[in-house]
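Just so we're clear, the structure is a prediction, and the values are computed from it rather than from any experiment.
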Amino acid sequence: MNDLAPAEEAVTPVPPEFPPVVYLPCATHTEDPADAVVELRRTRDGRMALMAYSALDRLKYCCGEQQPWMVVPTPTLQRIQQVQPFELVLLDVIIPPEHRHGASDA
């Protein structure tokens, strides 16, 4: 039995070449993954984007050492979208230093 409503099934498709797991920037550090809030970013054209990273070293290089994160299997992105809607997924995008966690602490 499928317990998803038709509207919930229309999610942003994840390209087939995506890695099997991705590292996602989160708003804050948390001990329990159930409490994690994935950090979304608005693009210049106004769309909401989920930033995903193919490896932990890439996340740290692209987002900075202070970025909270969690690792999830790629299929989990559909469930995340149901809770935190986004319009596209961007892989391994560099966040400018002035927009990273801890930038205002400098």
Side-chain angles (χ1 to χ4, degrees):
M1 178 177 160
N2 186 352
D3 59 352
L4 293 178
E8 291 176 322
E9 291 176 359
V11 296
T12 302
V14 175
E17 66 273 4
F18 251 56
V21 298
V22 290
Y23 294 80
L24 304 178
C26 294
T28 60
H29 293 282
T30 181
E31 293 293 320
D32 186 349
D35 295 333
V37 175
V38 175
E39 199 170 73
L40 301 177
R41 301 271 180 152
R42 189 155 308 276
T43 63
R44 288 186 187 133
D45 65 3
R47 294 181 292 169
M48 192 57 72
L50 172 73
M51 312 297 278
Y53 295 87
S54 56
L56 182 55
D57 63 332
R58 290 187 187 195
L59 179 135
K60 289 183 177 190
Y61 176 80
C62 294
C63 298
E65 290 288 330
Q66 295 184 40
Q67 177 66 57
W69 58 272
M70 71 175 180
V71 62
V72 299
T74 297
T76 302
L77 298 180
Q78 290 180 346
R79 279 190 265 145
I80 292 171
Q81 187 176 45
Q82 291 171 358
V83 177
Q84 291 181 259
F86 54 87
E87 297 169 89
L88 67 153
V89 179
L90 301 175
L91 186 64
D92 295 336
V93 173
I94 296 174
I95 303 296
E98 64 271 17
H99 295 292
R100 295 178 181 185
H101 278 260
S104 62
D105 299 341

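- When Leu91, Asp92, Ile94 are each tested for a side chain to side chain contact (heavy atoms under 4.5 Å, CB included) with Arg58, only one passes: Asp92.
- Atom CZ of Arg42 is separated from atom CZ of Arg44 by 14.5 Å, given to the nearest 0.5 angstrom.
- Within the model, atoms CG of Leu40 and CZ of Arg47 stand 14.0 Å from one another, a figure rounded to the nearest 0.5 Å.
- With hydrogens and angles left out, the side-chain atoms of Asp32 and Thr30 include no donor and acceptor closer than 3.5 Å.
- A pairwise comparison of heavy atoms in Pro20 and Pro75 identifies O-CD, 4.3 Å as the closest pair.
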Does Met51 form a side chain to side chain contact (heavy atoms under 4.5 Å, CB included) with Ile95? I'd like the steps, not just the answer. CA-CA 10 Å; Met51 312 297 278; Ile95 303 296; 3.5 Å; yes

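- Looking at Tyr53, its side chain never comes within 3.5 Å of a backbone N or O of Pro25 through a donor-acceptor pair.
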Residues Val22, Val72; criterion side chain to side chain contact (heavy atoms under 4.5 Å, CB included); working and verdict: CA-CA 6 Å; Val22 290; Val72 299; 3.9 Å; yes

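- Across every non-hydrogen atom of Cys62 and Arg100, the tightest pair is O-NH2, 3.2 Å.
- Taken to the nearest 0.5 Å, the SG atom of Cys63 stands 12.5 Å off from the NE2 atom of His99.
- Between the side chain of Gln84 and the backbone N or O of Val38 there is at least one donor-acceptor pair closer than 3.5 Å.
- When every heavy atom of Thr74 is checked against every heavy atom of Val21, the shortest pair comes out as OG1-N, 3.7 Å.
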Test log, rule side chain to side chain contact (heavy atoms under 4.5 Å, CB included), inputs Val71 and Leu24: CA-CA 6 Å; Val71 62; Leu24 304 178; over 6 Å; no

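- Note that CD of Gln81 is 4.0 Å distant from CZ of Phe86, once rounded to the nearest 0.5 Å.
- Separation of atoms CD (Glu65) and CG (Leu59) is listed at 9.5 Å; rounding is to 0.5 Å.
- The pair Glu39-Arg41 counts as a salt bridge, with a side-chain nitrogen and a carboxylate oxygen less than 4.0 angstrom apart.
- Here CG of Asp35 is found 8.5 Å from OG1 of Thr28. Values are rounded to the nearest 0.5 Å.
- For the residue pair His101 and Ala27, the shortest heavy atom distance occurs at CE1-O, 3.1 Å.
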Starting from the C-alpha separation in whole Å, work towards a yes-or-no answer on side chain to side chain contact (heavy atoms under 4.5 Å, CB included) for Leu50 and Leu77. CA-CA 9 Å; Leu50 172 73; Leu77 298 180; 3.6 Å; yes

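- Residues Trp69 and Leu56 meet the side-chain proximity criterion, which asks for heavy atoms closer than 4.5 Å.
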